[in-house]
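Scope of the values below: all heavy atoms of this structure, side chains included, with no hydrogens, waters or symmetry mates. Remember, it's a predicted structure, so these values are computed and weren't measured experimentally.
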Amino acid sequence: MWIINLILVVLGFVFLGIKTMGWTIYSSFALSFFVSVCEWLYPVNVSMSGDAMLDLVFAVFLPALGAAIVFDIGASTGGTDIVALILAKYTSMEIGKALMVSDILIVLAAAWRFGMGTGLYCILGLIGKSFVVDGAIENIRLRKVCTIVTSNPQPILDFIIKEMNRSATVEKAYGAYTHHELSVLVTVLTRRQALQLRNFLRENDPRSFITIVNSSEIIGKGFRSFN
C-alpha cells in the first residue's frame with residue numbers, strides 16, 4: 001500500500017493539481033498507516049465471521065462510505081481512488097463508475113491469483129462499492145428545491161430570509177383558472193429546512209401550493225462552488 005500510494009500520488013499531482021492532492025496525501029498515507037497499525041495489533045489471516053459474504057458486505061460498505069465522504073471534499077483515500085478521480089475529472093463518468101473501471105485490473109489479478117471464487121466475490125464487491133459511493137455522495141449533497149405558489153409571499157419570504165438565513169427568487173404569475181395574481185417563490189434548502197418551511201406553510205398559509213424536488217448538484221453562493 002505504501003509503495004503503490006506513493007506512485008499514484010505522483011500521478012495525481014500531474015493530473016489533479018496541488019489543491020486536490022493536499023488532502024489526498026494526508027488521506028492516503030493516513031490510511032496506509034492505520035492499516036499497518038491494525039495489521040500489527042490484530043493480524044487477521046482468516047475470516048472474522050466465518051461467512052465470506054458477510055465479510056464482503058462490511059468490507060465494501062464501510063470503506064465505501066468513508067471514501068464517499070472524502071470524495072465529497074474533492075480528495076481521495078489514495079490508491080486506485082486517485083485513478084478514479086482522474087477519470088471522473090476528464091470524462092463524464094460518475095465517481096462510483098470511475099472506481100469500478102480503475103479497480104477492474106485489481107479484480108482480474110485477484111481472480112488469477114486466488115481463484116475464480118475469490119474473483120467473483122471481488123466483482124460483487126466492486127459493483128457494490130460503486131453503488132454505495134455514488135449513493136452516499138448523492139445523499140451527502142442532497143438539497144431540496146422548493147417552489148411555492150402563493151397570494152401572500154411576504155410572510156414566507158421573511159421566514160426564509162430571517163429564520164433560515166436563505167434567499168429566494170420571486171416571480172409574478174397568475175392562476176390559469178381563477179386569473180388571480182400570484183407569486184412564485186423558488187428557494188433551495190436542506191432537508192431539515194424544507195420540513196420547517198412545509199410546517200410554516202401549513203400553519204400560516206394553508207392555501208399556498210408547494211412542490212419539493214430533490215437535487216444533488218446545487219452550485220452557487222451558499223452551496224458548492226464552481227471550482
Side-chain angles (χ1 to χ4, degrees), residues 16-17 19-20 22-24 27 61-62 64-77 81 84-99 129-227:
L16 299 175
K19 182 179 179 181
T20 297
W23 282 112
T24 297
S27 300
F61 179 78
L62 295 178
L65 187 59
I69 295 171
V70 176
F71 282 135
D72 188 55
I73 65 170
S76 76
T77 55
D81 290 359
L85 270 183
I86 295 172
L87 288 173
K89 180 177 180 179
Y90 291 99
T91 69
S92 59
M93 279 190 287
E94 295 177 338
I95 191 67
K97 307 304 182 295
L99 272 173
K129 183 179 180 181
S130 170
F131 282 106
V132 171
V133 168
D134 282 340
I137 290 176
E138 186 169 338
N139 275 279
I140 290 171
R141 297 178 179 177
L142 185 68
R143 294 294 183 268
K144 302 287 187 176
V145 181
C146 303
T147 303
I148 307 115
V149 180
T150 178
S151 59
N152 186 24
Q154 197 55 51
I156 302 172
L157 289 172
D158 289 341
F159 180 76
I160 292 172
I161 295 169
K162 296 177 181 179
E163 298 297 325
M164 294 191 291
N165 197 30
R166 292 293 184 186
S167 186
T169 299
V170 183
E171 298 178 7
K172 293 298 182 181
Y174 69 92
Y177 179 75
T178 63
H179 297 284
H180 291 164
E181 185 175 298
L182 299 168
S183 295
V184 179
L185 317 180
V186 181
T187 185
V188 179
L189 306 172
T190 64
R191 280 174 279 196
R192 183 177 63 83
Q193 289 173 333
L195 179 60
Q196 289 176 330
L197 178 61
R198 190 176 66 180
N199 292 337
F200 176 84
L201 294 175
R202 183 178 59 192
E203 296 175 3
N204 298 276
D205 193 357
R207 295 179 65 84
S208 63
F209 183 85
I210 182 172
T211 59
I212 302 176
V213 179
N214 290 336
S215 176
S216 59
E217 286 293 334
I218 303 295
I219 301 173
K221 186 177 180 181
F223 297 93
R224 297 179 62 85
S225 68
F226 283 96
N227 297 325

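- Between T187 and L185, every side-chain heavy-atom pair lies at or beyond the 4.5 Å cut-off.
- Within 6.0 Å of the CG atom in N165, the count of heavy atoms belonging to other residues, nucleotides or ligands does not exceed 12.
- Atom CZ of F200 sits in a crowded spot, with more than 12 heavy atoms from other residues, nucleotides or ligands closer than 6.0 Å.
- Just one of V170, L157, L197, I212 meets the side chain to side chain contact (heavy atoms under 4.5 Å, CB included) condition when paired with I148; it is L197.
- With a 4.5 Å cut-off on side-chain heavy atoms, T190 and R143 count as touching.
- Shortest non-hydrogen contact noted between A173 and V184 is CB-CG2, 3.8 Å.
- Counting heavy atoms from C-beta outward, S183 and E171 have side chains that stay 4.5 Å or more apart.
- Pairing each heavy atom of C146 with each of I210, the nearest pair is CB-CD1, 4.4 Å.
- For the residue pair M164 and L189, the shortest heavy atom distance occurs at CE-CD1, 4.0 Å.
- The two atoms that bring S167 and I161 nearest to each other are CA-CG1, 4.5 Å, heavy atoms only.
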*Stepwise, does the side-chain contact (heavy atoms from CB on, under 4.5 Å) test hold for N214 with K144?*
CA-CA 5 Å; N214 290 336; K144 302 287 187 176; 2.5 Å; yes
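- N139 is listed as a side-chain neighbour of R191, based on a closest heavy-atom distance under 4.5 Å.
- Summarising the geometry, atom CD1 belonging to I156 is positioned 5.0 Å from atom CG belonging to L201; distances are rounded to the nearest 0.5 Å.
- A pairwise comparison of heavy atoms in L182 and G175 identifies CD1-N, 3.8 Å as the closest pair.
- In this structure, T150 and S208 approach most closely via the heavy-atom pair CB-CB, 4.1 Å.
- Counting heavy atoms from C-beta outward, R202 and N199 have side chains that approach closer than 4.5 Å.
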